[in-house]
Chemist: 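I'd like to ask some things about the structure below.
One-based numbering, in listed order, for ligands and for the atoms of each.
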Amino acid sequence: MQVNCFINGRCEEVLRSFDNCSVDFVLTSPPYADQRSYGVDNASIKPDKYVEWFGPMAREIYRVLKDNGSFVLNINDKVVNGFQHTYVFELVLFLCKELNFNLVRDYIWHNPSTPPNIYGTGKYGRTKKSHEYCFWFSKGDKWTFNLDPIRKKYSPDMAKYLEGKGKGGREDNIRPSTHSFNCAVKWTNHGGADPGSVISIANTSSNDTFFKLCKERGVLHPARFPVQLAEFFILSGTNEGDLVLDPFSGSGTTCFVAEKYNRKWIGIDANKDYCDLALERMKLDL
Ligand SMILES: C[S@@+](CC[C@H](N)C(=O)[O-])C[C@H]1O[C@@H](n2cnc3c(N)ncnc32)[C@H](O)[C@@H]1O
């Protein structure tokens, strides 16, 4: 199987030529329901039909993943007839109940720079939505997970505790939420804290080198996820040399990050202009 390439085609067809159990990690963001068509026929999917549309692709993803492989799905829902549609949750149930994926963790990608929109008037009975979902599924009961590369800096208070200078220990801490502190695990300096399940990354890349390339080429991908989001999952979910697949690769963010960290990669996209653009992106400074 050829690696480190973009394949122009519909992933439900392209994936059929991949061997069973040949991919270590899938990170992808398919078109969300009722949103852009990206110049691809039938890519604007009604929310009620979403699970039916994504099902065959998800089956292929399951088949090509290695037994210890993972699948991270970045997706969002939308408000339909006044209420948030449940297709994302129906999809998660389908993936787990029908395809046997295991849900490892539901991550929230919080975008603190979500611009003000109609919800800002208050008259729609809800706030704006400033997050998307990133569901991490495993195929089997073992999967690669490296916490060290995604650890964050300890808070000043925690750093004090780790130096033995904090006030009191786990047993006598005075927080109201004592439940998680009195367990038998000792506080140990791991070089950084567990970042938790809310990933806060502003999606503001209008000044980056890639954006400038897009403007030069006159091809702008409207729905890229940030490089840091791909870094979070690729660094934690794969090892050097692993094969990372993005079956809806768009501007190639997943593949760009995989290359940067010495992973093998394959991107698939139904729009040829995006494949060409993504290939150009790989030549940019990493
Ligand atoms: C949300 S975008 C992915 C963006 C990507 N994560 C990035 O950072 O640039 C979804 C992509 O899926 C592509 N697409 C739509 N239907 C497809 C299909 N059946 N097979 C492969 N790609 C498809 C679109 O052309 C679009 O680029």
Chemist: List ligand 1 atoms under 4.0 Å from R224, heavy atoms only on the residue side.
Modeler: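 Heavy-atom distances to R224 below 4.0 Å select 7 (C), 8 (O), 9 (O).
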Chemist: Which of the numbered atoms in ligand 1 are under 4.0 angstrom from any heavy atom belonging to E12?
Modeler: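 It comes down to these atoms of ligand 1: 18 (C), 19 (N), 20 (N).
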Chemist: For atom 10 (C) of ligand 1, which candidate among S29, G9, G250 holds the nearest heavy atom?
Modeler: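 That would be S29.
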Chemist: Could you work out, for atom 12 (O) of ligand 1, the closest of F248, F225, Y274 by heavy-atom distance?
Modeler: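 Shortest heavy-atom distance from atom 12 (O) of ligand 1: F248.
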Chemist: For F137, which residues count as a ring pair (Phe, Tyr, Trp, His ring centres under 6.0 Å) partner, sequence neighbours excluded?
Modeler: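 Partners of F137 under the ring pair (Phe, Tyr, Trp, His ring centres under 6.0 Å) test: F71, F101.
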Chemist: Restricting to ring pair (Phe, Tyr, Trp, His ring centres under 6.0 Å), what partner residues turn up for Y274, sequence neighbours left out?
Modeler: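 So Y274 forms a ring pair (Phe, Tyr, Trp, His ring centres under 6.0 Å) with H221.
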Chemist: Does R151 come within less than 4.0 Å of D194, counting only side-chain N to carboxylate O?
Modeler: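 Salt bridge: no.
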Chemist: I'd like to know whether ligand 1 has S249 as a neighbour, heavy-atom separation below 4.0 Å.
Modeler: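 Contact present.
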Chemist: Quick check: does C11 get an N/O under 3.5 Å from an N/O on ligand 1?
Modeler: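 It does: an N or O of C11 is found under 3.5 Å from an N or O of ligand 1.
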Chemist: Please could you name the atoms of ligand 1 that T253 approaches to less than 4.0 Å, counting only its heavy atoms?
Modeler: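 The atoms of ligand 1 under 4.0 Å from a heavy atom of T253 are 7 (C), 8 (O), 9 (O).
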Chemist: Using a strict 4.0 Å threshold on nitrogen-to-oxygen distance, state whether D24 and K66 make a salt bridge.
Modeler: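 So D24 pairs with K66 through a salt bridge.
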Chemist: So does E60 get a backbone contact from the side chain of R16, meaning a donor-acceptor N/O pair under 3.5 Å?
Modeler: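 Checked: no pair found.
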Chemist: Only heavy atoms of N271, strictly under 4.0 Å: list the atoms of ligand 1 that pass.
Modeler: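 Heavy-atom distances to N271 below 4.0 Å select 25 (O).
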Chemist: Considering the heavy atoms of P247, write down every atom of ligand 1 situated less than 4.0 Å from one of them.
Modeler: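 That gives atoms 21 (C), 22 (N) of ligand 1.
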Chemist: Report yes if some N/O of M57 lies less than 3.5 Å from some N/O of ligand 1; otherwise report no.
Modeler: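 N/O-N/O distance under 3.5 Å: no.
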Chemist: Check the side chains of S197 and R105 for a donor-acceptor pair under 3.5 angstrom, ignoring hydrogens and angles.
Modeler: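 The criterion, which ignores hydrogens and geometry beyond distance, is not satisfied for S197 and R105.
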Chemist: Taking 4.0 angstrom as the limit and counting only heavy atoms of S251, give me the atoms of ligand 1 inside it, by number and element.
Modeler: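 With S251 as reference, the close atoms of ligand 1 come out as 7 (C), 8 (O), 9 (O).
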Chemist: What class does the angle between the rings of F233 and Y107 fall in, given that below 30° is parallel, 30 to 60° is tilted and above 60° is perpendicular?
Modeler: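 Aromatic pair F233/Y107 classed perpendicular.
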Chemist: What orientation do F6 and W265 show, parallel under 30°, tilted 30 to 60°, or perpendicular over 60°?
Modeler: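 F6 vs W265 ring planes: tilted.
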